[in-house]
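What follows is a short report on a single structure.
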Amino acid sequence: MLGADCSSNPPILNGSSGAGYVANFGGVSSYIIGSHLSLLAIVLVSDVYGYKTPNLRKIADKVAAAGYFVVVPDFFHGDPFDRNNTNRPMPVWIKDHQPDKGVETAKPIIEALKRQGVSAIGAAGFCWGGKTVVDLANSGEIQVAVLSHPTYVTVDDIERINIPIAILGGQNDTAFPPAKLHQFAQILNAKKPKVDSYAKVFPNVAHGWTLRYGPNDPKAVKAAEEAHKDMLNWFDKHLKH
Ligand SMILES: *[C@@H]1O[C@H](CO)[C@@H](O)[C@H](O)[C@H]1NC(C)=O
Ligand SMILES: *[C@@H]1O[C@H](CO)[C@@H](O)[C@H](O)[C@H]1NC(C)=O
Ligand SMILES: *[C@@H]1O[C@H](CO)[C@@H](O)[C@H](O)[C@H]1NC(C)=O
């Protein structure tokens, strides 16, 4: 299900990109940006390419500029998916990085945020990271969730959601097709009328479009930036009140 679609348009990794810095946070090497005095924190959970992709760090920088303390952990402990490694295609790599194990990596990070004095936490997951975000939501670790083109998220996960959640999908995404997004939205509307939810399908974009867009493709950049804005608006709406 993840397969080729999730690993298309591989980004160049660059561990020194972004305006923030890399440090150990909650036992995990993380890209960090934003004021340590902020009471509000956002955890960004990467796709299979990990925390060194310049586009993900740009998103972190944008979120921090809105007043949040932002942590982008290395969920793969130095071992992101490498499409060039033909000995380790996605079905093999994923065995070492099961999406449902991400929550265990994230819990000490949430603890560290609380020790720092943070009072509310939002999380956004991209592709692989979507599962970690619903697991954090369903274990009461975070207050607001955003999923962008998530994979591995199940109907059961969505049925258990009890916090505000926004789900962003692409019209041409075959890994997380619009039909699945509409199914999730319907479940939330029908079963969780008191939980604020938001679902949106972006026209003419394929899987991974919020992260793996080419910087020289104006249409792709525009769609990605619109998605980033929707994500930030959702955090602002539910965390800054
Ligand atoms: C990585 O990012 C740094 C900081 O933005 C930049 O100076 C450098 O040129 C980048 N390297 C590559 C290979 O893109
Ligand atoms: C993968 O191979 C392509 C084409 O040879 C190359 O441009 C790219 O830098 C490689 N990526 C990594 C992560 O090594
Ligand atoms: C997306 O799907 C629509 C409807 O099938 C199609 O008209 C459009 O060309 C597709 N866009 C891309 C970028 O593949």
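Atoms within a ligand are numbered from 1 in the order they appear, just like the ligands themselves.
Between Asp61 and Arg57 no salt bridge is recorded (no basic side-chain N to carboxylate O distance below 4.0 Å). Salt-bridge annotation for Asp79 and Arg88: present, with a side-chain N of the basic residue lying under 4.0 Å from a carboxylate O of the acidic one.
Less than 4.0 angstrom separates some heavy atom of Asn204 from each of these atoms of ligand 3: 1 (C), 8 (C), 9 (O), 10 (C), 11 (N), 12 (C), 13 (C).
Contact annotation: the side chain of Asp74 never approaches that of Phe25 to less than 4.5 Å [non-hydrogen atoms, C-beta and beyond]. Within the 4.5 Å cutoff, side-chain heavy atoms of Leu239 are placed close to those of Tyr68.
Of the N and O atoms on the side chains of Ser29 and Tyr51, at least one donor lies less than 3.5 Å from an acceptor on the other residue.
Taking the centre and axis of the six-membered ring of Phe202, the NZ or CZ atom of Lys200 falls inside the cone set by 45° and 6.0 Å.
For ligand 1, residues of the protein lying within 4.0 angstrom by heavy-atom distance are Asn14, Ser16, Ser17.
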